[in-house]
Peer 1: 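Okay, here's the structure, questions in a sec.
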Amino acid sequence: MPEKMMHRHKSFGSPGEALDYLYGMAPAHVYNSTAYYEYPDAKKMNEKNWLGAELIFDLDADHLPNAPRNYADMLELVKKETLKLLDFLTDDFGFSEQEVQLVFSGGRGYHFHITSPKVLTLGSSERREIVNYVSGRDLEFKYFFREVAMDGDFGTGSKTFKGMKNVPRKCTLVGYDSGWGKRIALYLTDYIKSESEKKYKKDMFPELRRHDKVGNTTIKKLINIANSETGLKDILEKGRLDFDVRNFKEIAAYFMQESAEDFLHRFGASVDEPVTADIKRLIRVPGSLHGGSGMLVKKLALSEMEEFDPLNDAVVFGERPVKITALKPFSVQLKGKDLRIEEGIQEVPEYAAVYLICRGVAEYGYRRNQPDPV
């Protein structure tokens, strides 16, 4: 492979001018700055005069725990993380579709570019706080459960309830209809439902049974909630947790804290923090090719994400047979086909040849004295 060389500090007056430059260079990778500068072509960073930067999120299989080695499975896992982050961006933060640009990286993940004027001047520390939020880092579950007085005879705030001076209190879920509160409501209802469906009562709610204030009476009431017509629905739609279960605020907070790892794995988004915090980041240009795969760095409409298949939709080369010399055995799934090559000379479709050469496991053409595979 030729020696890699970066050409930086370039500025162009128009897209056409930039394309002419790239046509002449034919680079393996193309990046642009996510920052805006008054003097973008200045050779020293301190002379550029930083004006702001897009808010960037990078989701890559390299940063996911226990990511599968198989490329197709790896991309499917990253896609799930991307959809989770998209929910944060549009629901929690309220960015419009016009302010969110989604891009397949051409490699092992996706990029989000947030272009809202509200985020352009955020510093690195503020951007790290956003990462903390979407990942659920330092989430304090106890603040999501609150005890409030039951409504009195004449509405909330009255000093009696149905003639009683000692007004009973109920447990509610704070913010049940949005953000992390909504995700907690989903997790709680799924848990109560799945545990109540177990065959034997003794096997139900093992996590809760470890709490010293949870006994058979509490378990029975939770089963009744799961089997009632409105119990689980009221948690999701009203944040109701007043199930006549004593100490339920304490019990619910305990359960969520004990289940934090599983809960955050299901609902939190795993993003590359240094990328988001960097206010002078370089990132791949949509429409270019990824030099490590030969695949398209593809811009996507948010509505396309669910059905997008990168191993088909981001493959741009054709079926023309190309002779290569494989340096070692290798397998990959591309365009709906399971491709397996052995060491030596062979012909493969053009799209496969480009991918294998970019991955460094094959060379174009053939070497003399190189045996054909048996």
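Any value given below was found using the heavy atoms of this structure, including those in side chains, with hydrogens, waters and symmetry copies removed. Please read all numbers here as calculations on a predicted model, not as lab measurements.
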Peer 1: Salt bridge or not for Lys337 and Glu319, using N-O below 4.0 Å?
Peer 2: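 Yes.
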
Peer 1: Answer yes or no: is there a side-chain heavy-atom contact under 4.5 Å between Asp20 and Phe12?
Peer 2: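 Asp20 does not reach Phe12 side chain to side chain.
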
Peer 1: For the ring pair Tyr143 and Trp180, is the centre-to-centre distance below 6.0 Å?
Peer 2: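 Aromatic pair excluded; centres sit 6.0 Å or further apart.
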
Peer 1: For Tyr133 and Asp92, does a side-chain donor sit closer than 3.5 Å to a side-chain acceptor?
Peer 2: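 The criterion, which ignores hydrogens and geometry beyond distance, is satisfied for Asp92 and Tyr133.
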
Peer 1: Taking Asp91 for the side chain and Asp87 for the main chain, is one N or O donor matched with an acceptor at less than 3.5 Å?
Peer 2: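 No; zero donor-acceptor contacts below 3.5 Å.
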
Peer 1: Does a side chain donor of either Arg284 or His290 reach within less than 3.5 Å of an acceptor in the other side chain?
Peer 2: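 His290 and Arg284 do have a side-chain donor-acceptor pair below 3.5 Å.
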
Peer 1: Flag the pair Arg128 and Asp278 as a salt bridge only when some basic side-chain nitrogen lies within less than 4.0 angstrom of an acidic carboxylate oxygen.
Peer 2: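 No, Arg128 and Asp278 are not salt-bridged.
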
Peer 1: Does the pair Asp62/Arg108 count as a salt bridge with the N-to-O cut at 4.0 Å?
Peer 2: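 Here Asp62 pairs with Arg108 in a salt bridge, since their nearest N and O are under 4.0 Å apart.
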
Peer 1: How long is the gap from CG on Asp313 to CG on Leu296, to the nearest 0.5 Å?
Peer 2: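 With rounding to 0.5 Å, CG (Asp313) is 10.0 Å from CG (Leu296).
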
Peer 1: Okay, side chain of Ser228, backbone of Gly231: is any donor-acceptor separation there less than 3.5 Å?
Peer 2: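 Confirmed, Ser228 side chain pairs with Gly231 backbone.
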
Peer 1: Does NZ belonging to Lys198 count more than 12 external heavy atoms closer than 6.0 Å?
Peer 2: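 Above 12, so yes.
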
Peer 1: Leu102 versus Met305: any side-chain heavy-atom pair under 4.5 Å?
Peer 2: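 With C-beta onward as the side chain, the pair touches.
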
Peer 1: Is the centre of the Phe205 ring less than 6.0 Å from the centre of the Phe255 ring?
Peer 2: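 Ring centres of Phe255 and Phe205 not closer than 6.0 Å.
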
Peer 1: Does Val297 share a hydrophobic cluster with Tyr21, counting links as ILVMFWY side-chain heavy atoms below 4.5 Å and allowing steps through other members?
Peer 2: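 They do not share one cluster, since no chain of ILVMFWY contacts under 4.5 Å joins Val297 to Tyr21.
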
Peer 1: Cut-off 3.5 Å, side chains only: do Glu207 and Tyr254 have a donor facing an acceptor?
Peer 2: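 There is no such pair (donor and acceptor under 3.5 Å, judged by atom type) between the side chains of Glu207 and Tyr254.
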
Peer 1: Can you check side-chain contact (heavy atoms from CB on, under 4.5 Å) on Val100 and Phe57, steps first, answer last?
Peer 2: CA-CA 11 Å; Val100 180; Phe57 296 94; over 6 Å; no

Peer 1: For a 4.5 angstrom cut-off between non-hydrogen side-chain atoms, does Val322 reach Glu347?
Peer 2: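 No, too far: nothing below the 4.5 Å cut-off.
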
Peer 1: Do Asp309 and Lys79 sit within salt-bridge range, that is, some charged N less than 4.0 Å from a carboxylate O?
Peer 2: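 Salt bridge: no.
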
Peer 1: Is there a path of hydrophobic side-chain contacts, each under 4.5 Å between heavy atoms of I, L, V, M, F, W or Y residues, that connects Val103 with Leu302?
Peer 2: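 Val103 does not cluster with Leu302.
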
Peer 1: Is the distance between the ring centroids of Tyr39 and Trp50 under 6.0 Å?
Peer 2: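 For Trp50 and Tyr39, the ring centres are not under 6.0 Å apart.
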
Peer 1: How about NZ on Lys43, more than 12 heavy atoms from neighbouring residues, nucleotides or ligands closer than 6.0 Å, or not?
Peer 2: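 Count over threshold, so yes.
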
Peer 1: Kindly determine whether Lys280 and Tyr37 satisfy side-chain contact (heavy atoms from CB on, under 4.5 Å), including the steps that lead there.
Peer 2: CA-CA 10 Å; Lys280 299 177 181 179; Tyr37 299 100; 3.4 Å; yes

Peer 1: Shared ILVMFWY cluster between Val275 and Leu86, side chains joined below 4.5 angstrom?
Peer 2: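 Different clusters: Val275 never reaches Leu86 through Ile, Leu, Val, Met, Phe, Trp or Tyr contacts under 4.5 Å.
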
Peer 1: More than 12 non-hydrogen atoms from neighbouring residues, nucleotides or ligands closer than 6.0 Å to NZ on Lys221, yes or no?
Peer 2: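 Atom NZ in Lys221 is crowded, with more than 12 foreign heavy atoms closer than 6.0 Å.
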
Peer 1: With a 3.5 Å cut-off and no angle check, do the side chains of Tyr110 and Asp58 form a donor-acceptor pair?
Peer 2: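 No, no side-chain donor-acceptor contact under 3.5 Å.
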
Peer 1: Could you walk me through whether Phe93 and Phe88 pass the ring pair (Phe, Tyr, Trp, His ring centres under 6.0 Å) check?
Peer 2: CA-CA 6 Å; Phe93 295 122; Phe88 281 103; 7.3 Å; no

Peer 1: Under a single-linkage definition using a 4.5 Å side-chain heavy-atom cutoff for Ile, Leu, Val, Met, Phe, Trp and Tyr, are Ile56 and Tyr36 assigned to the same hydrophobic cluster?
Peer 2: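 No.
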
Peer 1: Do Lys48 and His9 have side-chain N/O donor and acceptor atoms under 3.5 Å apart?
Peer 2: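 Checked: Lys48/His9 side chains pair up, N/O donor to acceptor below 3.5 Å.
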
Peer 1: Show every side-chain hydrogen bond (donor to acceptor under 3.5 Å, both in side chains) that has at least one partner inside residues 115-124, sequence neighbours left out.
Peer 2: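 Every side-chain hydrogen bond (donor to acceptor under 3.5 Å, both in side chains) pair that includes a residue of residues 115-124, provided the two are not neighbours, is Glu99-Ser116.
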
Peer 1: How many angstroms lie between atom NZ of Lys238 and atom CG of Asp177, to the nearest 0.5 angstrom?
Peer 2: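 Between atom NZ of Lys238 and atom CG of Asp177 there are 13.5 Å.
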
Peer 1: I'd like to know whether CG of Asn46 has more than 12 heavy-atom contacts from other residues, nucleotides or ligands below 6.0 angstrom.
Peer 2: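 Counting other residues, nucleotides and ligands, CG of Asn46 exceeds 12 neighbours.
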
Peer 1: Between Phe104 and Phe308, does the ring centre distance come in under 6.0 Å?
Peer 2: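 Centroid separation for Phe104 and Phe308: below 6.0 Å.
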
Peer 1: Do Lys84 and Glu81 meet the salt-bridge criterion of a basic N to acidic O distance under 4.0 Å?
Peer 2: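 A salt bridge is present here (some side-chain N lies under 4.0 Å from a carboxylate O).
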
Peer 1: I'd like to know if Glu197 pairs up with Lys193 as an ion pair, taking the criterion as any Lys NZ or Arg NE/NH1/NH2 lying under 4.0 Å from an Asp or Glu carboxylate oxygen.
Peer 2: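 Salt bridge present between Glu197 and Lys193.
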
Peer 1: Decide whether Val134 and Val78 are clustered together by the hydrophobic rule: side chain heavy atoms of Ile, Leu, Val, Met, Phe, Trp, Tyr closer than 4.5 Å, transitively.
Peer 2: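 Yes, because Val134 and Val78 connect within a single hydrophobic cluster, where side-chain heavy atoms sit under 4.5 Å apart.
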
Peer 1: For the residue pair Glu195 and Leu208, establish whether any side-chain heavy-atom pair is separated by less than 4.5 Å.
Peer 2: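 No, their side chains stay 4.5 Å or more apart.
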
Peer 1: Nearest 0.5 Å please: distance from the NZ atom of Lys299 over to the CD atom of Gln101.
Peer 2: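 The distance works out to 4.0 Å.
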
Peer 1: Run Leu311 and Leu75 through side-chain contact (heavy atoms from CB on, under 4.5 Å) and show every step you take.
Peer 2: CA-CA 9 Å; Leu311 297 182; Leu75 288 174; 3.6 Å; yes

Peer 1: Do other residues, nucleotides or ligands put more than 12 heavy atoms under 6.0 Å from the CZ atom of Arg340?
Peer 2: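 Atom CZ in Arg340 is crowded, with more than 12 foreign heavy atoms closer than 6.0 Å.
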
Peer 1: Could you check whether Phe145 and Phe141 have their ring centres less than 6.0 Å apart?
Peer 2: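 Centroid distance Phe141-Phe145: not below 6.0 Å, so no.
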
Peer 1: I'd like to check Thr82 versus Leu85 (side-chain heavy atoms, cut-off strictly below 4.5 Å). Are they in contact?
Peer 2: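 Not in contact.
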
Peer 1: Which value, rounded to the nearest 0.5 Å, describes the distance between Ile324 atom CD1 and Ile345 atom CD1?
Peer 2: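 Between atom CD1 of Ile324 and atom CD1 of Ile345 there are 10.5 Å.
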
Peer 1: With a 4.5 Å cut-off on side-chain heavy atoms, are Leu120 and Leu122 touching?
Peer 2: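 The answer is no; the side chains never approach within 4.5 Å.
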
Peer 1: Check for me whether Arg240 meets the cation-pi criterion with Tyr176, that is, NZ or CZ under 6.0 Å from the six-membered ring centre and within 45 degrees of the ring axis.
Peer 2: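 Because its charged atom misses either the 6.0 Å distance or the 45° angle limit, Arg240 does not stack over Tyr176.
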
Peer 1: Answer yes when Arg137 and Glu129 have at least one side-chain N-carboxylate O distance shorter than 4.0 Å, and no when they do not.
Peer 2: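 Result for this pair is no, no salt bridge flagged.
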
Peer 1: Between Gln346 and Ile341, is there a side-chain heavy-atom distance shorter than 4.5 Å?
Peer 2: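 Yes, side chains in contact.
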
Peer 1: What distance do Ser270 atom OG and Leu264 atom CG have between them, rounded to the nearest 0.5 Å?
Peer 2: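 Taking OG in Ser270 and CG in Leu264, the distance rounds to 9.5 Å.
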
Peer 1: Looking at Tyr351, I'd like to know if the NZ or CZ of Lys335 sits under 6.0 Å from its six-membered ring centre while staying within 45 degrees of the ring's axis.
Peer 2: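 Yes, Lys335 lies over the aromatic ring of Tyr351.
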
Peer 1: Is any side-chain heavy atom of Val30 less than 4.5 Å from a side-chain heavy atom of Leu22?
Peer 2: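 Yes, close enough: below the 4.5 Å cut-off.
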
Peer 1: Indicate the ring-plane relationship of His29 and Tyr31, choosing parallel, tilted or perpendicular according to the 30° and 60° boundaries.
Peer 2: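 The rings of His29 and Tyr31 lie parallel, inter-plane angle below 30°.
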
Peer 1: Got a sec: does the CD of Glu38 have more than 12 other heavy atoms crowding it under 6.0 Å?
Peer 2: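 For Glu38, atom CD is crowded (more than 12 foreign heavy atoms under 6.0 Å).
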
